[in-house]
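Take a look at the structure set out below.
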Amino acid sequence: MAFQLLSEPIRKYIRDKGWEQLRPIQTAAITRILASDENYILASRTASGKTEAAFLPILSKIDFKESGVQVLYVSPLIALINDQFYRIEELCQNLDISVTKWHGEANKTLKDKLFKQPNGVVLITPESLEAMFVNKPYFVKQLFSNLKYVVIDEIHSFIGTDRGVQLKSIIARLKKINNHSFSVIGLSATIGDYDEAKGFTGDSSKTKVLLDRTAKEIKVLFRYFKGEGDELPLDLLKDLYIETKDNKVLIFPNSRGRAEEVAVKLKKISDRVKGHPYYFSHHSSVDREVREYVEHFAKNNFRLNFCIACTSTLELGIDIGSVDEVVQIDATHSIASLIQRVGRSGRKEGERSNLYLYATNKWSLLQSIACWLLYKEGFIEPPQKKEKPYDILVHQALSITKGHSGIKLTELIHQLKTNASFSNIELNEIEEILNYLIEIDLFERLQNEVIIGVTGERVVNSRDFYSVFKVEEAYKVVNSGQKIGEIPFSPQIIEDENILLSAKIWKIVFVDHQSKKIEVIPTKDGKKPLFSGSGALIHQKIREKMFEILYDRIDYDFLDQPSCDEILVLRKDFSIFNIKDLTIERPLLVSEKYLTFFSFTGTSINRTIRLLLKIVGINHRYDEESSTFELEESKELFTKQWKALAALLDNIDLHITTHFRENPSLLSFSKWGIYLPEDYQVKLIKNTFFDIEGTRNYLTNTNLILN
DNA sequence: GACCTGCTGCGGTTTG
C-alpha cells in the first residue's frame, strides 16, 4: 500500500488531516516517485490533489539535511505561489524543512535568509529564476546546485508558449550547474499532447505520464439571449442575477471590459432589490491590492454569497474556496480553458460542478456547444509547436552573457546548442544570429569573448528584461490617493468621460500624461472600458465541430428552448448547401452583392488565407467569431482563384518578406524578435503567426460548395 | 471587438 511507503512524519500528516484514503493520482505518484528517479507528468482533474501527489513522496524520499535547496517548485503565477505556500508549509511542519517564497513581491528578508542558509523547498516564478541567473549567478550555484526535484505546476500553461521555451531553457541551465541530475515533475489537469509534455522535462525517454482520467460530474445549463449592439441584453442580466444571487459564483465574460459591465450591472440590480452587495471584478487591470482583497474575501468567508466577474486571472490553480457556480458568458476560446474554469467550482469531495453557459449570438452559441461536446469527447487542443524559437534564443543569449559577465563566443554557442529549448536550431543559425547581435551592438566582441554591448546594456539592465512577453503601457487610475487599477491608454481616456473599473463607476477628472496617471471620482453611469488586446487563437478542431453540429440532426438535451430554436434556424440556413463530406467541403454563399465564404477552420489558417487573398488582390472582410470571409468578387472568378491559392505557398517566404516590409508591426507579437536579422524575423513570423502546412493541407483538400 | 502571465538593485526616507 502506498501509505506504508511514506516516511513517518508524512504518514502523521495524513493521519492528522483525517484523510480516509489517498486519491488515485496520489497512490500512483507515491509508488512511482519513491521507486525511481524518472521524470513524471501527473495529469488528473482539477482539485484532485496533484500538489500532494508530488510532495508526499518527494518529502518522504529526500534527505533535507544536505546543504542547498533540494526542491524547486515553479509556478506561472505569484498568486498561486502564495496559495501553495501554505499547503506546502503545512506538509513540511513535522519535518523541519524550510519553505521559501521567491518572487518579486515576496519578503526580501526571508530571501536573504535563504542565501545564508540554502536549504529546503523554494517556490519561484520563471522570471525570478531568470533574474537570479542574470544578477546573482554565484548565488544560483550556491542555492541550486544540489537540486533533487523541480516541480512545475500548471505545466500546460508553459507548453507551447514562449514562456515555456524560456522555462525549459532555464531548466537546462540549472542542469548544467548541478553536480547530480535532478528529476522534473509536471502537474496539470489539462494536457492536450502528452508527447509535448514529456519533451518539456528535457528528456522524453526518461519521462512517464501518470494519468487519472476520472472526471467530475458537471451539471451544465445553456442559456440563449440574443444581444443587440454593444451591451449585454437586459434579459440576460436579469436571468443571471436570479440564478446567481443566492450562491457563490464566478462569472467569466471573456474580456476585462465585459467583466466590469457584468459586475456593475448585477450590483445595480442587487442594490435595487436589496440583495447582497458583494459584487466584484477581477482581472489584470484591477489593482493588485483590490484583487487580493477579493481573493481573500472569497477564500475566507463561508457564510456570505458573492459574485466575481473575472477573466483568466481566476482560471488557474488558485483554490478560492467553495464556489457553487461557474458562469461562462459567450464561448471559451479553448477546451482547456473551459475545463480549468469549471474546475473552480465543486472542489470539495462529493460536490458537483455547476456550469452555466450563456450565449449572446448564434456563432458564440455554436462555439459553446462545440466546446462542450469536445470536452465530453475528452479532446483538449494540443499546444502550438514552435520548432525554432529564434527570439527566445536572443533573450537567453543575452541572459547567459550578462550572467557570466562576458563569455567565450565558442562557449556561448555551445551552451545554446546543447540547450534542450534550442535543439532544433542549427549551429550555423546560432552563429549568424550571434554575429548579428554583435553587429547591432547588443554584444561587443573582445577577441575570443563576447560581452554585453553599449546598446545591450540598456536592454539587459531594464526591469523589463526578465520576461519574454510584451505588455502594453498602462496609466494608473487613482481616486483621492487610492489606487484602483491600471488601464492601457485609449481614446476613451479623456476628461469628463466615465469608465468602469473595479466594479465601480468613475468620472475622469484629470489625465496626467507626464506621470501616466488618471484621477477619477465616483459617479453614477459609465461605459465599459476599452482594451486593445489581441484575442486568443481558436483551434481548428473547434470550428470543425461547429460545422458538424450544423449538419447533425441531434437534439441536445442540455439546451434551453431559445438555444434550440437558434440552432434550428442555423441548421435551416445552412441546409441550402448540399454538403456531403464535412471534412473536405465548405459553404460559399452567393448573394447579389458579394460572396460569403464560411471557412470553419482555426485562426492561424484563416490568417494565412487572408494573407494569400491579399497577395492575389482579393478584397475581403474577415470575421473571426464566425470564421467567415466576405468577398467582393464574382463566384466564377473566386472559385478559379481559390484553386490557385495553394500554389502561392511555394513562394511564401518571399510573400511574407514583402508583406512584412510593408507592415513591420506584423512582428509586434514577439518582444525579442525585433533583434533578429530580417530573414530570421520572416522565418519567425512564418512559423508562429501563420500556419503554412496546415493551410496547404486545407486549401488542397477543401472544395467550395455553392448554394 | 478581442486573455493572461512577471520584475533588480540602489539610494533615499520613514517607522518602531
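Scope of the values below: all heavy atoms of this structure, side chains included, with no hydrogens, waters or symmetry mates. Below, chain A is the first sequence line, B the second, and so on; all start at residue 1.
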Between B:dT5, B:dG6, B:dG1, which nucleotide has the shortest distance from any of its atoms to the side chain of A:S128?
B:dG6

Would you please confirm or rule out a distance under 4.0 Å between OP1 or OP2 of B:dT5 and any side-chain N or O of A:S284?
yes

Looking only at N and O atoms, is any donor in the side chain of A:D464 or the base of B:dG6 less than 3.5 Å from an acceptor on the other one?
yes

A:E260 CD to B:dA2 P, in whole Å, measures 13 Å

Atom NZ of A:K470 to atom P of B:dT5: distance rounded to whole Å?
18 Å

Interatomic distance where CD1 belongs to A:I170 and C1' belongs to B:dC7 [whole Å]:
13 Å

How long is the line joining OH of A:Y622 and P of B:dG1, in whole Å?
16 Å

N/O (side chain, A:R256) to phosphate O (OP1/OP2, B:dC4) under 4.0 Å:
yes

Check whether A:F379 forms a cation-pi arrangement with A:K541 (NZ or CZ under 6.0 Å from the six-membered ring centre, at most 45° off the ring normal).
yes

Any carboxylate oxygen within less than 4.0 angstrom of a Lys/Arg side-chain nitrogen, looking at A:R288 and A:E105?
yes

Taking only side-chain N and O atoms of A:R463, does any of them lie within less than 4.0 angstrom of OP1 or OP2 on B:dC10?
no

Of all the nucleotides listed (B:dC3, B:dC7, B:dG1), which has the minimum atom distance to the side chain of A:T311?
B:dC3

Rounded interatomic separation in angstrom, taking CZ from A:R621 and C1' from B:dG1:
16 Å

Are A:Y466 and the base of B:dT8 stacked, counting only ring centres nearer than 5.5 Å and planes tilted under 30°?
no

Whole-Å distance between B:dT5 P and A:I124 CD1?
19 Å

Answer yes or no: does a side-chain N or O of A:T125 lie under 4.0 Å from OP1 or OP2 of B:dG6?
no

With heavy atoms under 4.0 Å as the rule, sort A:V471 into base, sugar-phosphate or nothing.
base

Classify the nucleic acid contact of A:S337 as base, sugar-phosphate or nothing, counting any heavy atom under 4.0 Å across all strands shown.
nothing

Basic-acidic side-chain contact under 4.0 Å: A:E624, A:R543:
yes

Carboxylate-amine/guanidinium contact A:E295 A:K299, below 4.0 Å:
no

Checking the side chain of A:S462 only, and the main-chain atoms of A:D464 only, is there a donor and an acceptor separated by less than 3.5 Å?
yes

Side-chain N or O of A:S157 closer than 4.0 Å to phosphate OP1/OP2 of B:dC4
no

Rounded to whole angstroms, how far apart are CD1 on A:I78 and P on B:dT5?
10 Å

Hey, which of A:R291, A:E260, A:R256 is the one that makes side chain to side chain donor-acceptor pair (under 3.5 Å) with A:H283?
A:E260

Quick note, A:R258 side chain, CB onward, closest among B:dA2, B:dC4, B:dG6 is B:dA2

Among B:dC3, B:dC4, B:dG6, the one nearest A:T313 by side-chain distance:
B:dC4

Among B:dG6, B:dC4, B:dC7, which is the nearest nucleotide to the side chain of A:S312?
B:dC4

Report which part of the nucleic acid A:S467 touches: base, sugar-phosphate, or nothing (heavy-atom distance under 4.0 Å, all strands).
base

Figure out the CG/P separation between A:N135 and B:dT8, and round it to whole Å.
8 Å

Judged by each residue's nearest nucleotide on DNA chain B, which is more toward the 5′ side, A:H333 or A:K136?
A:H333

